Structure formats: C-alpha cells, structure tokens
Visitor: 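Questions regarding the structure given below will be posed in turn.
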Amino acid sequence: MELKRALEQHIAVFGESGSGKTVMISSFYGAKQESQYLKDSLFHVVADETGQGNRLHRNYLGMRNSARLPAHDRFSATSYSFSIKLKDGFDPKAMKSSPFDALRLVWHDYPGEWFEEDVSGPEEAQRRVDTFRSLLGSDVALLLVDGQRLLDNAGEEERYLQSLLANFRNGLLSLKDELLEGGKPLVEFPRIWIMALSKSDLLPDLDVFNFRDLLIEKAGEDINALREVLAGLVEGSDALSVGEDFVLLSSAKFGAEKIEVAKRIGLELILPMAAILPFERHLRWARAKQIPGKVAENLLSGAGTLAAALIGNKFQPPGPVGPLLRLVGLVFSKEVVNAAVQLAGDKLRKANSEALAKNDYMTATLTGFRMDLEQGEKEQILLRSQR
Ligand SMILES: Nc1nc2c(ncn2[C@@H]2O[C@H](COP(=O)(O)OP(=O)(O)OP(=O)(O)O)[C@@H](O)[C@H]2O)c(=O)[nH]1
Ligand SMILES: [Mg+2]
C-alpha cells in the first residue's frame with residue numbers, strides 16, 4: 001500500500017502541580033481501551049510507545065477498580081504520541097482518495113512548577129527550555145484552571161486566578177530570551193490558548209459561560225497581560241486567540257471510596273479540539289487577512305488536506321486560485337475549502353451519515369469530531385471564540 005502522511009496534531013497542556021494532568025491523560029487513554037468503546041468507535045487510539053500506553057492504562061484501571069490515584073510525577077514533562085487508527089471495515093476506495101490515512105495526536109505535558117518556581121540549576125533550566133521548544137509545534141494549548149483551587153478560594157477566586165496567570169506570564173517572560181534566537185519572533189507557536197477548567201465535577205453548577213464570566217470578572221486584566229506576553233513571542237500576533245475559548249473538563253467523579261471513571265466531562269472534546277479548532281480558526285484568520293505570508297504558509301499547510309477529507313474528497317479540477325488558496329493546498333479549489341468551512345448543523349450530520357453509509361471512516365471520523373464540538377457547545381461545556 002502506498003504510504004501516506006499521517007495528519008499530526010499536537011496539543012500542549014499547561015497545569016500546575018496537582019491540577020490534574022496525569023489523571024486526565026490516563027482517563028483519556030484508558031477510556032479508549034474499554035471494550036465498549038473499541039466496539040462502538042470508528043477508530044482505535046493506540047499509544048505509539050507501548051510502555052507509555054501500558055502505564056496510562058494501568059493508572060486508569062487503578063482508579064476504576066481500586067480507587068487508586070496515579071502517583072504525582074511533578075516536574076516530569078512528558079510527550080505522549082497516540083495513533084488514531086481507523087477500525088477495519090472501511091472502504092479502501094474511500095481511503096485511497098483520502099489525502100492522509102492516519103491521524104496522530106501528540107500530547108505535551110508542561111509542568112507548572114517550571115513557571116512557579118525557580119529552577120534548581122542550569123541543567124533543569126536547559127531542560128525547561130528544551131521542553132518548551134518541543135511543544136512549539138502545537139496548534140492548541142490548554143491552560144488548566146484547577147477547580148479544587150477555585151473551590152478553596154470561593155468568593156475570592158481572584159487570589160488564585162491572578163497568581164496562576166501571573167505565574168504563566170512570568171514563566172514565559174523568563175523563557176523569552178532563550179526561545180527567541182536573535183530576538184526573532186517565532187512563526188511556529190501555539191496560537192489558540194484555551195482556558196480549561198479541570199476537576200469541573202467539583203463545581204456542578206458552573207457552566208462554561210459562568211466559567212468565562214468568572215475569569216473575565218476576576219482576572220480579565222491578567223488574561224490581557226498574558227496575551228500581550230504571548231503576542232510578544234510570535235510573528236503575526238493578530239493570529240492569536242488567548243483566553244477566548246473555554247472548556248470544562250473532568251476526568252472522573254472522585255468519591256471517598258470509589259472513582260467513577262465513566263463520569264467524565266469534556267475529555268471527548270480533546271481530539272476534536274486538537275484536530276478541528278486550528279483548521280477552522282486558521283482559515284478564518286487567513287480570510288480576514290490577519291496573517292502575514294510566512295505565518296499563513298505555516299498555519300495553512302494542513303488545512304487544504306483536512307478540508308478535502310472533511311467533505312469526503314470530492315476533488316475538483318484546480319481552477320484559477322488566489323494566493324490564499326494556493327497556500328491552503330495547491331489542488332484544492334475554493335469550493336472545497338468553503339464547503340468544508342461551512343459544514344455545520346444539519347449539513348454536517350448529513351455528511352457524517354453519508355460517509356458512514358459509504359464506509360468512508362476518515363470523513364466520518366472528522367465530521368464526527370465537528371459534531372462533537374457542536375454538541376459540546378450545546379451542552380455548555382465548550383465555548384469557541386467568535387473571532
Ligand atoms: N474531583 C476531581 N479531582 C481530580 C480530577 N483530576 C484529578 N483530581 C485530583 O487531583 C489530584 C492530582 O491530579 P494529578 O493528575 O496527579 O495532577 P498533576 O497535574 O499530574 O500533578 P503533578 O504530577 O504533581 O504535576 C488527583 O490525585 C485527584 O485527587 C478530576 O477530574 N476531578
Ligand atoms: Mg502528574
């Protein structure tokens with residue numbers, strides 16, 4: 001079989017110690033190994049490193065079966081690579097016309113201590129910079145806001161929120177000189193910074209709008225300040241969303257005697273957010289001419305292929321294309337991209353069931369991801385930027 005590119009999406013997760021990073025990735029991965037999931041889903045999620053996958057799975061089983069929490073692994077920044085493999089039964093013809101035949105998610109954990117505290121020596125300082133560099137290829141970053149800490153500071157949440165955001169800001173500033181070689185701003189950099197409430201099960205009355213309002217009311221200035229720092233790191237800083245998207249997450253319901261891993265919130269949105277949000281957002285910015293050329297090229301290189309896969313590879317002869325669309329993908333006509341961008345609501349559901357009927361699993365999976373995002377908004381656990 002002809003070997004094609006995997007569409008690879010990276011996501012960076014920033015969270016302080018105890019904010020729930022390890023539990024989250026364990027719950028994300030473990031849930032996808034449950035027999036019911038394997039049966040129902042169109043794809044399998046497989047850790048590219050077997051040992052790492054087993055560790056996450058074991059963490060999950062420990063929680064599910066014995067209410068045992070994963071050990072803290074402070075300071076250990078790790079990247080996890082997962083392949084999203086389509087289940088057998090897809091139509092090889094549909095696959096053949098698809099511009100890629102696999103998806104991959106790379107998940108980067110960045111420990112918040114490296115923002116909170118001074119590093120212990122030059123070696124750790126170097127590791128901190130190297131780790132940050134390794135996640136620069138991520139399109140999406142999640143900034144974890146710890147639900148437990150919000151509860152602990154009920155009524156004066158600003159105390160926690162302002163210090164959290166100040167830590168992130170100062171951490172980034174302290175990395176700046178080493179990140180920017182010769183002071184040159186970065187082209188490749190996460191441009192969508194989502195505020196994510198972890199442990200949202202502890203705040204059952206808070207929907208995503210309340211979460212947004214709380215952040216804006218109690219720490220709006222700090223979000224602005226963080227945005228300014230991030231803007232100072234990147235080329236084309238108009239193409240940047242900081243604190244404009246919000247999501248609620250919970251990895252399980254934690255009781256004294258049991259941990260109910262089936263009661264998750266928002267974890268099903270992680271793959272769709274990583275795969276689809278950048279596509280939608282980058283095209284929108286490109287159309288609004290918010291991106292300078294070099295940046296556009298970088299951001300849009302995958303968009304055309306994703307557009308084609310989303311609408312089921314209805315390839316069209318390349319008519320005259322403008323410069324933007326030439327970047328989006330040489331062979332993709334304006335119609336393909338427009339059709340993909342505008343796919344929503346009933347049209348989206350129709351495209352999804354048509355793809356399913358044709359056993360075109362790649363299109364079905366990607367349209368399914370977009371439906372997940374719409375559903376997340378309906379359930380008020382996700383709020384996407386309108387910009
Ligand atoms: N209620 C609730 N508690 C959670 C959730 N996720 C994690 N916790 C609690 O938070 C603790 C810390 O979670 P971890 O995942 O270990 O945190 P971490 O971010 O990996 O922390 P470090 O390894 O120290 O960087 C867990 O032991 C749980 O008690 C959640 O979704 N809901
Ligand atoms: Mg951890």
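Just follow the structure's listing: the first ligand is 1, and inside any ligand the first atom is 1. All of these numbers come straight from a predicted model, not from anything done at the bench.
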Visitor: Looking at ligand 1, does any of its N/O atoms fall within less than 3.5 Å of an N/O of F254?
Guide: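 Not met; the criterion fails.
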Visitor: Classify the side-chain pair R227/N224 by whether it contains a donor and acceptor separated by less than 3.5 Å.
Guide: yes
Visitor: Once you restrict to heavy atoms under 4.0 Å, what part of D201 touches ligand 1? Side chain, backbone, both or neither.
Guide: side chain
Visitor: Looking only at heavy atoms, is any part of E16 under 4.0 Å from ligand 1, and if so is it the side chain, the backbone, or both, or is it neither?
Guide: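 Within the 4.0 Å criterion, E16 contacts ligand 1 through backbone atoms alone.
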Visitor: Has G15 got any heavy atom lying under 4.0 angstrom from an atom of ligand 1?
Guide: no
Visitor: Can you list the atoms of ligand 1 that are under 4.0 Å from a heavy atom of G20?
Guide: 7 (C), 13 (O), 14 (P), 15 (O), 17 (O), 18 (P), 19 (O)
Visitor: With a cut-off of 4.0 Å, which atoms of ligand 1 are near a heavy atom of S250?
Guide: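 The atoms of ligand 1 under 4.0 Å from a heavy atom of S250 are 31 (O).
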Visitor: So, do M273 and L373 sit near enough that their side-chain heavy atoms are less than 4.5 Å apart?
Guide: yes
Visitor: Donor-acceptor pair, distance only, cut-off 3.5 Å: does the side chain of S83 make one with the backbone of K85?
Guide: no
Visitor: So do the side chains of V145 and L164 get within less than 4.5 Å of each other, counting heavy atoms only?
Guide: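 Yes, at least one pair of side-chain atoms sits under 4.5 Å.
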Visitor: Give me the atom names and distance for the closest heavy-atom approach of A47 to F82.
Guide: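 For A47 versus F82, the nearest heavy atoms are CA-CD2, 3.9 Å.
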Visitor: For ligand 1, is any non-hydrogen atom under 4.0 Å from V23's backbone (N, CA, C, O), its side chain (CB onward), both, or neither?
Guide: both
Visitor: Quick check on contacts: which atoms of ligand 1 are under 4.0 angstrom from a heavy atom of S19?
Guide: 17 (O), 19 (O)
Visitor: Using a cut-off of strictly less than 2.8 Å, determine whether S17 has an N/O/S atom near the Mg ion (ligand 2).
Guide: no
Visitor: As an exercise, identify every atom of ligand 1 less than 4.0 angstrom from a heavy atom of L202.
Guide: 1 (N)
Visitor: Are S41 and K87 side-chain neighbours, meaning at least one heavy-atom pair lies under 4.5 Å?
Guide: no
Visitor: Is the side chain of Q162 donor-acceptor paired with the backbone N or O of E221 at a distance under 3.5 Å, no angle test?
Guide: no
